[in-house]
There are 2 protein chains.
Amino acid sequence: MGDGLDLERLTTAIEDFTTIFIRLPAVQRFNFSTLSVLHTLARRGPLRLTDLLKTEQLKQPALTSLVAKLEQDGLVRRRPDPRDGRAMLLSLTRQGREIVRSRHAHRVAKLSQLVAQLTDEEREVLAGSAQVLTRITEIAATNDAEGNRRSADRADT
Amino acid sequence: MGDGLDLERLTTAIEDFTTIFIRLPAVQRFNFSTLSVLHTLARRGPLRLTDLLKTEQLKQPALTSLVAKLEQDGLVRRRPDPRDGRAMLLSLTRQGREIVRSRHAHRVAKLSQLVAQLTDEEREVLAGSAQVLTRITEIAATNDAEGNRRSADRADT
DNA sequence: CAAACTATATCAATCTTCGATGTAGTCGAC
DNA sequence: GTCGACTACATCGAAGATTGATATAGTTTG
């Protein structure tokens, strides 16, 4: 209580930070949607189209055609789901993973250069925040999953 | 020294966190580029097209037409720069600011709900990190500005 | 005041995205 | 087992966004 956590300020700080950290110039010819799809597949392993759809800000036909193009370009692999004849399992090829890794590496390098200009104290704060950010992301995922269960059940008050 | 700052891990944590925090479903019909332009204008006040261009991942013609549409929709104001007859000064209208504020408010609400599920200790770490994030963003801006000066000078080794 | 430069606008071609709809696979009740 | 309802993904045509090339107009410098 009263720990001085100013959400307003923190949100603004994150918004501004992502502008310089996440929106790197697209070194290759990829747009936001494409990069987001690649990142999600890199992080969450093989996914069905429908599951991938949930995290992306696209409608299904757009995602289908984006994935088709990525397959043609050799970045994504598509194979039938052995458990469900309707579904496709999507994953990255080695080449696809390489793109995600390269962007990630750019970010690490950029962050490294910035962190070098901080005080020791500031660096300590950052070190702790990685863990907290991960926790928050997990909590959000859990909340979403529960939300889905509830609305599927139609059993809540 | 040896403060356990793992940049690899921190970068991944930030990447994953922004997926749930920044890429909110576009409640309105705006795409990424549009939202980014609105955010930048909200934060950095009146800007010339060329200056706005620097922070956006778009080419100049695309930005011109995007801004034209935003003006038609009443979200952006365009007026001639009194200091330079070639340039236009872009800023948000009240309505444009309202959109940015609304997305920001959504984020604050979402963060608030997540933070409520953290321990006191975790909240304390977050409280400190707002300041550090802001510092990092400032440093990055300074670095960029210096980089531009240097390459304009063509005077470095 | 002419040449070189800068800021923005326009154009046609290409790529993205969308809503609507189609096809094929799955599931559960009987 | 087979009928009906549902789900996963694909296809299609239209609308919108983005691009490179280029045009126009204003500015600066010698």
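Chain A is the first sequence line, chain B the second, and so forth, proteins listed ahead of strands; every chain is numbered from 1.
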query = Testing R79(A), R78(A), R77(A) for salt bridge (Lys or Arg N to Asp or Glu O under 4.0 Å) with E71(A), which one passes?
reply = R78(A)
Where protein sits on nucleotides 13-20 of chain C, one letter per nucleotide: B base, S sugar-phosphate only, - none, heavy atoms under 4.0 Å = ---SBSBB
query = Can you find a side chain N or O atom of R48(B) that sits less than 4.0 Å from OP1 or OP2 on dA7(C)?
reply = yes
inquiry  = V37(B) and side chain to side chain contact (heavy atoms under 4.5 Å, CB included): which single residue from L63(B), T55(B), L47(B) fits?
reply    = L63(B)
task = Begin with the C-alpha distance, continue with both residues' side-chain angles, and end with the deciding distance and a verdict on side-chain hydrogen bond (donor to acceptor under 3.5 Å, both in side chains) for N31(B) and T34(B).
result = CA-CA 5 Å; N31(B) 60 22; T34(B) 305; 2.7 Å; yes
query = Is there a donor-acceptor pair closer than 3.5 Å between any side-chain N or O of S65(B) and the backbone N or O of A62(B)?
reply = yes
inquiry  = So that I can tick it off, tell me whether R48(B) and D84(B) are bridged by a salt bridge, with the cut-off set at under 4.0 angstrom between side-chain N and carboxylate O.
reply    = yes
task = State whether a side-chain donor-acceptor pair under 3.5 Å links S33(B) with Q57(B).
result = no
task = Please determine if R107(B) and E15(A) form a salt bridge, counting it only when a charged side-chain N lies under 4.0 Å from a carboxylate O.
result = yes
task = Verify, without hydrogens or angle tests, whether Q131(A) (side chain) and G128(A) (backbone) share a donor-acceptor contact under 3.5 angstrom.
result = no
task = Give a yes or no on whether a salt bridge exists between E138(B) and R135(B), defined as a side-chain N under 4.0 angstrom from a carboxylate O.
result = no
note = Outermost contacting nts on DNA chain D, any atom under 4.0 Å from chain B heavy atoms, listed 5' then 3', are dA17(D) to dT27(D)
ask   = Would you say dT6(C) has OP1 or OP2 under 4.0 Å from some side-chain N or O of T50(B)?
value = no
query = Which pair of heavy atoms, one from A130(A) and one from A13(B), lies closest together, and at what distance?
reply = O-CB, 3.8 Å
ask   = Which of residues 83-90 of chain B have a heavy atom under 4.0 Å from DNA chain C?
value = R86(B), A87(B), M88(B)
